[in-house]
There are 2 protein chains.
Amino acid sequence: MFSKTAEYALRATIYIAQKSSEDNKLGIEEIAKSIDAPRSFTAKILQLLTKDNEVISSVRGPNGGFYITEKAKGLSIRTILETIKEDDVFTKCVLGLKACSEAQPCPMHFQYKPIKQQLIRLFETKTIRDLAKELKTGERFLANFRPRKKTRVTK
Amino acid sequence: MFSKTAEYALRATIYIAQKSSEDNKLGIEEIAKSIDAPRSFTAKILQLLTKDNEVISSVRGPNGGFYITEKAKGLSIRTILETIKEDDVFTKCVLGLKACSEAQPCPMHFQYKPIKQQLIRLFETKTIRDLAKELKTGERFLANFRPRKKTRVTK
DNA sequence: ATAAATAAAGACAATTTTATCTTTATTTAT
DNA sequence: ATAAATAAAGATAAAATTGTCTTTATTTAT
Ligand code: FES
Ligand code: FES
């Protein structure tokens, strides 16, 4: 569905939203590890999202790092995707026609359309804050669980 | 949503299903042109689908070409996607976790799940024949329409 | 002022996807 | 049998995506 860039962007944003605040900024090291993504690549992606501090905010120097404002937490998932130019799902045809339109529909169009609308609705209505809250329940994951060989039993 | 490979595979298959028969086989040239895809790349993709004549059938030599049997027209879109190993949409997590599972759901999982199920249902129930029929109505497209500069008006 | 900590920027590299070109094998018609 | 037409196979190349490394700029603490 999404590129690696988009996946890391979403996971990182949700992680930052859940864990950070203006006076508890997170370093790239911690973020990348927590979402199980390559460090430098994640840094590059965050650079896109920190442009003008629009989605994610950052400051350099000691005690610097990434955080996200309460205001930005109200942004939709769609906003994140658009910021990183991953908006295919909103515009493209499922069979790859340049545009998805009723004027020149592909053979799947009318069956796909209602599903696409739900996807759009989902990404438009869900905010960063919503997803961070889900994560906070502790029963949601942003990285692959590494199962232990055995359950450690202490005597 | 899908790779170029998948898009071309689907468009080509639908085109072949609508236009060909066992005694009216189609050449790669015509197919590629009709679906607006690169010729040699399309040929490569058709090689995947003609493996064992499972989805698409082919014969070489004069009057050779590609066609699809009535039986194969009953195959689902999912079968095409699986044949070319494009089955992410059926298995992967929307945020990129290795697996989409209730055991370790991502923060979008429970919202995305019902939509995903509709996608799966769509690709599983729609057959090649269904889509070929849609195309036959003449009001569906497999290539981008090239608009004319002006509407030609004959006196 | 200086040093240290941090993200930003930029250059580079590896991998995957997309695309093309050439050669080979198969089939048909003559 | 031969030639022609076609897809299959294989080699290569271009482009895009993913990933890494090095240098620079900024901020803070001393
Ligand atoms: S035209 Fe293909 S999905 Fe709308
Ligand atoms: S776990 Fe992410 S969509 Fe199911």
Side-chain angles (χ1 to χ4, degrees), chain A residues 1-13 16 20 22-33 35-68 81 83-88 92 96, chain B residues 1-13 16 20 22-33 35-68 81 83-88 92 96:
Chain A
M1 163 123 281
F2 293 130
S3 67
K4 290 289 173 197
T5 296
E7 291 174 356
Y8 299 154
L10 293 169
R11 301 222 296 272
T13 304
I16 294 168
S20 81
E22 186 149 2
D23 43 46
N24 179 29
K25 309 190 193 77
L26 307 179
I28 186 60
E29 189 72 47
E30 174 188 349
I31 295 167
K33 263 185 188 147
I35 67 171
D36 192 19
R39 183 200 144 116
S40 294
F41 192 35
T42 305
K44 275 277 175 262
I45 294 165
L46 289 186
Q47 280 180 32
L48 300 173
L49 293 167
T50 50
K51 200 81 197 300
D52 304 319
N53 283 1
E54 230 176 73
V55 179
I56 293 174
S57 305
S58 73
V59 304
R60 305 198 244 198
N63 301 315
F66 299 90
Y67 67 101
I68 181 166
L81 294 172
T83 302
I84 60 171
K85 274 155 198 155
E86 181 101 0
D87 50 6
D88 282 9
K92 265 196 54 175
Chain B
M1 162 124 285
F2 292 130
S3 66
K4 290 288 173 199
T5 296
E7 291 174 356
Y8 299 155
L10 292 169
R11 301 222 295 272
T13 303
I16 294 168
S20 80
E22 186 150 2
D23 43 47
N24 180 29
K25 309 189 193 80
L26 308 178
I28 186 62
E29 190 72 47
E30 175 188 349
I31 295 167
K33 262 184 188 145
I35 67 170
D36 193 17
R39 182 202 145 115
S40 295
F41 191 37
T42 305
K44 275 280 174 259
I45 294 166
L46 290 186
Q47 281 179 32
L48 300 173
L49 293 167
T50 49
K51 200 81 196 300
D52 304 319
N53 284 359
E54 230 176 73
V55 179
I56 292 174
S57 305
S58 72
V59 302
R60 304 199 244 199
N63 302 312
F66 299 89
Y67 67 101
I68 181 166
L81 295 172
T83 301
I84 61 172
K85 272 152 199 156
E86 182 101 0
D87 50 5
D88 282 10
K92 265 196 55 176

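Chain naming here is simple, since letters A, B, ... match the order of the sequence lines and numbering starts at 1 in each. Because the structure is a prediction, the values reported are computed rather than measured.
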Margin query: I need the CD1-P distance between Ile56(B) and dT6(D), as an integer number of Å.
Written below: 18 Å
Next item on the list: Pick base, sugar-phosphate or nothing for Ser58(B), based on heavy-atom distances below 4.0 Å to the nucleic acid.
Entry: sugar-phosphate
Next item on the list: Could you please name the option among dA8(C), dA29(C), dT18(C) that lies closest to any side-chain atom of Thr50(A)?
Entry: dA8(C)
Check: Watson-Crick or G-U wobble partner for dT26(D), using a 3.5 Å limit on both distances?
Finding: dA5(C)
Checklist line | Closest non-hydrogen atom pair between Lys25(B) and Asn63(B), with its separation | finding: NZ-O, 3.7 Å
Notebook entry, point to check: 5'-most contact on DNA chain D: Pro62(A) or Ser3(A), nearest heavy atom basis?
Noted result: Ser3(A)
Next item on the list: Using only side-chain N and O atoms of Asn63(B), determine if any of them is under 4.0 Å from OP1 or OP2 of dT6(D).
Entry: no
Margin query: Using a distance-only criterion (donor-acceptor N/O pair, under 3.5 Å, no hydrogens), is the base of dA9(D) paired with the side chain of Gln47(B)?
Written below: yes
Next item on the list: First locate atom CD1 of Ile56(A), then atom OG1 of Thr50(A), and finally report the distance between them rounded to the nearest 0.5 Å.
Entry: 7.0 Å
Notebook entry, point to check: Considering only dT18(D), dA19(C), dT20(C), which nucleotide approaches the side chain of Lys4(B) most closely?
Noted result: dA19(C)
Check: With a 4.5 Å heavy-atom cut-off, do Leu49(A) and Phe66(A) have their side chains touching?
Finding: no
Notebook entry, point to check: Within this structure, what is the CZ-to-C1' distance between Phe66(B) and dA5(D), rounded to whole angstrom?
Noted result: 13 Å
Checklist line | Heavy-atom pair of closest approach, residues Lys4(B) and Phe41(B) | finding: CB-CE2, 4.4 Å
Check: Atom CD1 of Ile16(B) and atom CG of Asn24(B): how far apart are they, to the nearest 0.5 Å?
Finding: 11.5 Å
Next item on the list: Could you state the atom-to-atom distance from CG of Asp88(A) to C1' of dT17(C) in whole Å?
Entry: 15 Å
Notebook entry, point to check: Rounding to a whole Å, what distance do you find between Phe41(A):CZ and dA8(C):C1'?
Noted result: 16 Å
Next item on the list: Tell me what Leu26(A) touches on the nucleic acid: a base, only sugar-phosphate, or nothing, going by heavy atoms under 4.0 Å.
Entry: sugar-phosphate
Notebook entry, point to check: Between dA19(C), dT20(C), dT20(D), which nucleotide gets closest to the side-chain atoms of Tyr8(B)?
Noted result: dA19(C)
Note to self: What is the separation between atom CD1 on Ile45(A) and atom P on dT18(D), rounded to the nearest whole Å?
What the structure shows: 8 Å
Check: In whole angstroms, how far is the C1' atom of dT28(C) from the NZ atom of Lys25(B)?
Finding: 10 Å
Notebook entry, point to check: Atom CZ of Phe2(A) to atom C1' of dT17(D): distance rounded to whole Å?
Noted result: 17 Å
Next item on the list: Between dT26(C), dT18(D), dA8(C), spot the one nearest the side chain of Arg60(B), thanks.
Entry: dT26(C)
Checklist line | Glu30(A) bridged to Lys33(A) by N-O distance under 4.0 Å | finding: no
Next item on the list: Both distances under 3.5 Å, Watson-Crick or G-U wobble: report the partner of dT17(C), or none.
Entry: dA14(D)
Margin query: Which nucleotide wins on minimum distance to the side chain of Lys44(B), given the candidates dA9(C), dA7(D), dG10(D)?
Written below: dG10(D)
Next item on the list: Whole angstrom is fine here: how far is it from CD in Glu29(A) over to P in dT20(D)?
Entry: 12 Å
Item checked: Earlier contact from the 5' end, DNA chain D, for Thr42(A) and Ile28(B) -> Ile28(B)
